[in-house]
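Chain naming here is simple, since letters A, B, ... match the order of the sequence lines and numbering starts at 1 in each.
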2 protein chains.
Amino acid sequence: MAARTGGQGGKQPTINDVAALAGVSKKTVSRVINRSEFISEKTRLAVQKAIETLGFVPNPQARALAFRRNFLIALLHDNPNAQTVLNFQQGVLDAIKDSDLALLVRPVDRGSDKMLEDVRTFLEKQRPIGAMLLPPISENDELARLCEDLGVRYVRVGSALLDDAKHCVSSNDREVVGEAVRRLIALGHRRIGFVRGPVGFRSAAEREKGFREALAEAGLTLADDHYAPGNYRYTAGIEAGEKLLSLAEPPTAIFCSNDEMAAGVMSVAHGKGIAVPGELSLIGFDDSPTATHIWPTLSTVRWPIREMGVRAARTLVADFLGSGARIPEGESPVLASTFVERQSVAAPDGKG
Amino acid sequence: MAARTGGQGGKQPTINDVAALAGVSKKTVSRVINRSEFISEKTRLAVQKAIETLGFVPNPQARALAFRRNFLIALLHDNPNAQTVLNFQQGVLDAIKDSDLALLVRPVDRGSDKMLEDVRTFLEKQRPIGAMLLPPISENDELARLCEDLGVRYVRVGSALLDDAKHCVSSNDREVVGEAVRRLIALGHRRIGFVRGPVGFRSAAEREKGFREALAEAGLTLADDHYAPGNYRYTAGIEAGEKLLSLAEPPTAIFCSNDEMAAGVMSVAHGKGIAVPGELSLIGFDDSPTATHIWPTLSTVRWPIREMGVRAARTLVADFLGSGARIPEGESPVLASTFVERQSVAAPDGKG
DNA sequence: CTTGCTTTTGACACCGGTGTCTTTTAGACG
DNA sequence: CGTCTAAAAGACACCGGTGTCAAAAGCAAG
């Protein structure tokens with residue numbers, strides 16, 4: 001009448017129990033667990049049966065110790081956008097689902113001057129096989145060097161190539177921003193405003209580049225008073241909106257470097273009685289939940305964040321993930337973002 | 001010229017290295033690490049110095065093995081609201097910051113019929129000390145029983161007491177919804193609509209109860225056509241808005257069971273040219289980022305999710321967290337939500 | 001039936017810590 | 001100064017796996 005399936009006294013069965021039941025040595029059981037090739041079919045089946053009977057699950061701590069390597073990968077982020085983090089995380093979990101790996105999630109405090117030290121302590125204690133760095137901390141070169149020094153593999157996720165392909169997953173934001181802007185131009189917009197992301201962020205710089213390039217292609221330039229600084233926060237969008245929409249000749253369209261700021265600009269437009277998209281077209285970036293939760297719904301750029309999670313995990317630990325996870329030699333680490341057109345974009349009113 | 005601080009050949013120093021350097025046995029080092037009381041001050045200092053010199057960090061896997069217990073806690077969630085998950089997670093991390101514990105985050109797929117099995121596999125493999133269950137899966141009794149069976153401590157987070165205090169952290173949503181509704185009534189609203197959360201969700205039921213109770217207190221009742229079903233999604237808000245705002249006598253205020261649905265209702269109002277808050281007051285629930293990213297900003301109920309994370313972690317593993325983490329005997333596991341009033345609420349126009 | 005080789009399997013040490021029990025040391029006391 | 005006791009430190013097994021290398025088994029050829 002033992003309450004538990006196997007083992008004794010409510011404890012988990014160990015490799016020794018399995019070995020005893022199957023009538024082999026524990027090393028043989030170990031070979032079965034690790035799919036060693038030097039084992040006869042007959043023995044393998046016997047051991048597998050014993051494993052099933054007992055409901056044996058190898059102790060990951062013991063394996064980690066014996067292998068001198070544990071089966072953890074870490075996700076480091078300081079991302080203000082929760083949805084992004086969770087989507088990426090989901091992609092990583094998709095990728096490691098059938099492996100022995102587990103995921104450790106670690107938010108880091110970018111502001112803190114102890115950040116590097118904190119991360120070092122974390123990595124030294126947990127000793128993950130590898131770490132994935134989400135933007136914006138992925139842009140921190142010291143962090144990458146720290147991983148290198150500690151012998152922890154790493155992958156940096158970014159809006160542009162931050163490192164060599166082995167250490168990098170990114171999306172083609174610049175191009176897609178260009179596409180979005182070309183769409184505005186095609187609709188007849190000529191006065192197009194720009195709200196920038198925070199200084200020092202690579203992603204912000206990329207988006208600005210994409211914006212300016214598309215303008216230049218069309219022979220347009222960005223007027224100084226059509227440019228507003230920002231920091232990816234809603235309040236910055238409010239400020240930018242106040243600035244750009246108070247002009248004597250306000251822009252007929254504004255590209256905002258993320259959705260939150262676009263939402264801020266949109267609030268200002270509503271407050272001023274400016275019709276969106278009739279009098280003002282708006283485009284954001286991220287395709288965050290906000291983009292579809294505001295009215296009118298926001299045209300934006302969606303980056304394939306979940307897929308990037310899968311890719312990052314594979315780049316990091318393909319050798320742990322079974323054959324399907326191999327990334328073909330020389331394949332680009334750049335995944336495709338897409339421009340998503342919604343209600344907030346239309347041809348400009350009046351003179352087109 | 002060794003590249004690394006301590007150890008040999010780039011490897012981490014072990015307890016043996018420390019013991020050798022300090023001239024004591026490894027057991028003595030172990031005693032220092034674990035703050036054993038049977039150790040002389042002199043020895044402790046010597047060992048501590050050796051630890052510092054070598055930069056020794058105990059191997060968590062080895063400790064886990066020797067202790068027959070690892071130092072992981074798990075966070076299980078299937079939460080559609082990323083911000084909530086991340087905030088809660090942050091609270092947990094605050095709580096375990098100075099401990100040896102690490103956090104494993106595990107999204108689960110509620111829809112899947114293999115859900116329980118997946119979780120079982122996860123728990124058996126990782127063997128965390130405890131698990132925290134976020135709503136809505138925290139409402140699943142089978143899951144709680146599974147934890148119990150596996151000897152994994154657990155804490156269920158919910159909008160109401162789901163279990164005894166030892167296994168529960170919640171907030172007083174019902175009361176605060178009542179407070180919000182009383183505010184509407186005080187402003188003069190009499191026709192108040194309600195958009196419900198998904199059937200089968202405890203949180204949805206609590207919010208509805210709070211709503212109806214407050215109405216009843218004031219001698220009002222919820223007219224059938226002022227009630228709309230929902231599922232916490234934006235699209236349900238759209239549908240609810242279409243329904244409620246097409247009435248001959250539409251409500252002058254609507255309580256929505258979460259912010260996303262409120263955003264949906266607000267979109268419909270904008271589309272119909274109904275002024276918010278002039279002609280329609282709106283209240284949501286969650287205080288999600290959306291609440292401040294829409295225009296006008298949304299009055300809502302904020303639940304202390306980060307603090308709940310701290311509390312959940314303490315409830316789960318106070319004995320691992322140092323003296324500050326003790327929860328006084330008999331202290332209620334109910335934390336306080338608050339009503340946050342923003343722009344979306346005002347006295348009704350015209351007849352008040 | 002040996003021999004010689006390859007394939008399978010096992011014995012035993014080891015990964016880096018902790019538990020138990022024993023031995024040593026230090027201090028109190030007669 | 002010897003004795004007794006409590007505190008401190010150490011020896012050694014052990015947690016549950018894997019690596020190494022030697023031994024056993026299987027098989028073809030002599």
#### Entry: Carboxylate-amine/guanidinium proximity below 4.0 Å for B:Arg120 and B:Glu124
yes
### Query
Is it true that A:Glu41 and A:Arg44 make a salt bridge, defined as a side-chain N closer than 4.0 Å to a carboxylate O?
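Looking at A:Arg44 together with A:Glu41, the answer is yes, because their closest N to O distance falls below 4.0 Å.
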Which nucleotide, [options], lies nearest any side-chain atom of [X]?
X	options	answer
B:Lys27	D:dC15, C:dT20, C:dG17	C:dT20
A:Ser25	D:dG17, C:dA11, C:dG17	C:dA11
B:Ile33	D:dG17, C:dT18, D:dG16	C:dT18
B:Ala66	D:dG19, C:dT18, D:dA9	C:dT18

Starting at [atom1] of [X] and ending at [atom2] of [N], how long is that distance when rounded to a whole Å?
X	N	atom1	atom2	value
A:Asn59	D:dC15	CG	P	12 Å
A:Lys42	C:dT7	NZ	P	18 Å
A:Glu37	C:dT7	CD	P	10 Å
A:Asn70	C:dG17	CG	P	13 Å
B:Asn16	C:dG16	CG	P	8 Å
B:Phe67	D:dA13	CZ	P	21 Å
A:Phe38	D:dT18	CZ	C1'	16 Å
A:Ile15	C:dA11	CD1	P	14 Å

### Query
Does the base of D:dG10 carry an N or O that pairs as donor and acceptor with the side chain of B:Lys26 under 3.5 Å?
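Donor-acceptor pair under 3.5 Å: no.
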### Query
Is any N or O donor-acceptor pair between the side chain of B:Arg31 and the base of D:dG10 shorter than 3.5 Å?
yes
### Task
May I ask you to check whether over 12 heavy atoms, not counting those of B:Arg110, lie within 6.0 Å of atom CZ?
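It does: B:Arg110 CZ has more than 12 such atoms within range.
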Please check the phosphate of [N] (OP1 and OP2 only) for any side-chain N or O of [X] closer than 4.0 Å.
X	N	result
B:Arg63	C:dG16	no
A:Thr28	C:dG10	yes
B:Ser30	C:dT18	yes
A:Ser40	C:dT7	no

### Message
Applying a 4.0 Å non-hydrogen cut-off, can you work out what B:Leu65 is touching in the nucleic acid: base, sugar-phosphate, or nothing?
### Response
base
### Query
So what does B:Val29 hit on the nucleic acid, given a heavy-atom distance under 4.0 Å: a base, only sugar-phosphate, or nothing?
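Counting heavy atoms under 4.0 Å across all strands, no contact is made by B:Val29.
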### Query
Starting at the 5' end of DNA chain D and moving along, which residue's nearest nucleotide shows up first, A:Arg68 or B:Ile39?
B:Ile39
### Message
Hydrogens and angles aside, do B:Asn81 and B:Thr84 bring a side-chain donor and acceptor to less than 3.5 Å of each other?
### Response
yes
### Query
Distance only, no hydrogens: is a donor on one side chain within 3.5 Å (strictly under) of an acceptor on the other, for A:Gln126 and A:Arg106?
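Distance-only check fails for A:Gln126 and A:Arg106.
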#### Entry: Minimum side-chain heavy-atom gap A:Thr14-A:Asn59 below 4.5 Å
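The answer is no; the side chains never approach within 4.5 Å.
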